Amino acid sequence: MGAAMRRIHVGNALSAFGLGFTVPYLYVYVAQVRGLGAMTAGLVLAVFAVAALVVLPFAGRAIVRRGPLPVLLTALVMAAIGALSLGLAGRAPTVLLSAAALGAGSAVMQPALATMIVDCSLSETRSRAFATQFFLQNLGLGVGGLIGGHLVDTSSAASFTLLFAIEAAMFLLLVLVMATLRVPHAPRIEGAPARSDKGSWKQLLGNRAMVQLCVLGFVLFFACYGQFESGLSAYGVEAAGISTSALGTALAANTAMIVVAQFAVLRFVERRKRSRVIALVGLIWAAAWVTAGCAGLGHGSREMATAAFVSTYALFGLGEAMLSPTVTPLVADLAPEGMAGQYNSAFALVKQLALAVGPAVGGPMGASLHTPYIVTFLLFSLGITYLALRLGRQLTPVQNQPSLRKSRVVAQGGATAKSLAA
C-alpha cells in the first residue's frame, strides 16, 4: 500500500499546486484583465463556491457506488476543462460556466482523495497519512501562488491564459498519475457501525457522533478558515492599521507554521485523545483572538500591532497543524464499512458551508464592529473546546485514541479488559 499512498500524496500536491496558481488571482483576472467589472468578479467567486455546494451531496453517493478513483478522474477532467476555458473566456456567461466547472471539479477532488487515503491506510497510520496530505496541500498552494504571482501581468491577458493552461495541465497530469492506481479495499474500522440498507444520508444523520462532529467542523471552519481573507484581514487593516504587505507576511507566517510544525506536533497528537487535542486547538485559537484584540484594540505602536497580528496567524497555523491528523481521520473512523466516501463528502459539504457563511458574517464585522468581532470569535473558539469535549463522550476509546490498538488493552463499550491472547 506504500506505493499507492505515495501516488495519492503526489496527487494532493499537484492538485493544490494547480489551484494555487489561479485561485488567488480570479478576482483580478475577471474584473480588471477581462474588464468585466467587480460585479461579475464577485459572481464568479460566488459561483465557484455554490458549484461545490451543489455537487458535494451527490459526490459522496457516487464514491460509495463507483469507488473514489473513477469519481476523482471525472472531477479532474471537469476541472481541467473549466480551467482552460476560463483562461480563454472573454464574456461573462462563458466565464461563469467555466468557474462553475472548475469549482465543482476541485470540490469533488478532496473527498475522493481523502477516501483513497482511508482505503490505503490503517487506523494506526491514518493520522500520519492525513498530516502528510495537509502538509503537501499547503506546500502546493504556497508554491503555486508564489510562482503564479511572478508569472501574471495585469496588462496582459495572455499571461493569465498561460496560468490557467498550466493549471489544466496539472489536472491532466494527475489523471495520468492516478489512472493506473490500484486502490485496496478499505479495512474494517473497530467501533464503526455496520452498513445498513437504509438511505446513506438517513443513516449518516442517525450517527450521533458524526452529527456532533459536523457541528464541531462547521464551527472550526467558520471561526478560523472563514475569517482568514475576509473578516480578520479587514480587521487588521481597519482596526490594527497594518499594511497590505504586513498582511501578506501574516499569511506567510501561517503557512510557515504549518510546514514547520506539522510533523513536530504529530507525535504529540498521536499519543493523546482526539477530542482533547481538538479542545486544545480551541484554546489556542482563543489565544489567537486575544492576540488579535491586542493588535487592534490596544494603543501600542504600529510595529507592535504588526507583530501581534503576525503572531495571530501563526497561532492559527499551529492549531491547523494539530487538526489535520485528528479531524479527517476521525471522520473515516466513524464511517460504516464502505461509507467513507459518503462521510467525507458530508464533512466537505459542512466545510464549504462554513467557508461561505464565514466571510459573509465576519467581513462586515471585522471592518466596522471591531470589539464585537473579537469577542464573538473568541467565544466561538471557546465553543470549539466545549463541543470537542462533548464529542469525546460519544466516541469509543479506540475511535478517540487509535494508539490504544497497539497495546494489550482492548476497549469495548467504555470498559477495559485485559487481552487473554497469548
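Residue indices begin at 1 and follow the sequence shown. Because the structure is a prediction, the values reported are computed rather than measured.
Arg272 and Thr326 share no donor-acceptor pair across their side chains, judged by distance under 3.5 Å alone. Residues Asp333 and Gln399 bring no donor and acceptor atom of their side chains to less than 3.5 Å of each other. With 3.5 Å as the limit, one finds a donor-acceptor pair spanning the side chains of Gln137 and Gln110.
Between Ala332 and Val118, the shortest heavy-atom contact is CB-CG2, 3.4 Å. Across every non-hydrogen atom of Gln401 and Arg271, the tightest pair is NE2-O, 3.1 Å. Minimum interatomic distance between Ala286 and Leu382 (heavy atoms only, all atoms of both residues): CB-CD2, 3.9 Å. Considering every non-hydrogen atom in both Val211 and Leu204, the closest pair reads CG2-O, 4.0 Å.
Counting heavy atoms from C-beta on, the side chains of Val215 and Phe218 never come closer than 4.5 Å. Under the 4.5 Å side-chain criterion, counting only non-hydrogen atoms from C-beta, Gln227 is not in contact with Phe316.
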(request) Let me see the working for Phe135 and Val259 under side-chain contact (heavy atoms from CB on, under 4.5 Å), right down to the final yes or no. (result) CA-CA 6 Å; Phe135 170 83; Val259 171; 3.5 Å; yes
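In this structure, the side chain to side chain contact (heavy atoms under 4.5 Å, CB included) partners of Ala239, at least two apart in sequence or on a different chain, are Tyr235, His370. Under the side chain to side chain contact (heavy atoms under 4.5 Å, CB included) criterion, Pro364 pairs with no residue, sequence neighbours left out. Met257 is linked by a side chain to side chain contact (heavy atoms under 4.5 Å, CB included) to Ala261, Ala314, Leu318, counting only residues two or more places apart in sequence or in another chain. Every residue was checked against the salt bridge (Lys or Arg N to Asp or Glu O under 4.0 Å) condition with Arg276, not counting sequence neighbours, and none meets it. Arg65 meets the side chain to side chain contact (heavy atoms under 4.5 Å, CB included) test with Arg61; sequence neighbours excluded.
Applying the ring-ring contact (aromatic ring centres under 6.0 Å, His included) definition to pairs two or more places apart or across chains, those involving residues 375-401 are Phe222-Phe377, Phe222-Phe380, Trp289-Phe377, Tyr373-Phe377, Phe377-Phe380.
The aromatic ring centroids of Phe134 and Phe130 lie 6.0 Å or more from each other.
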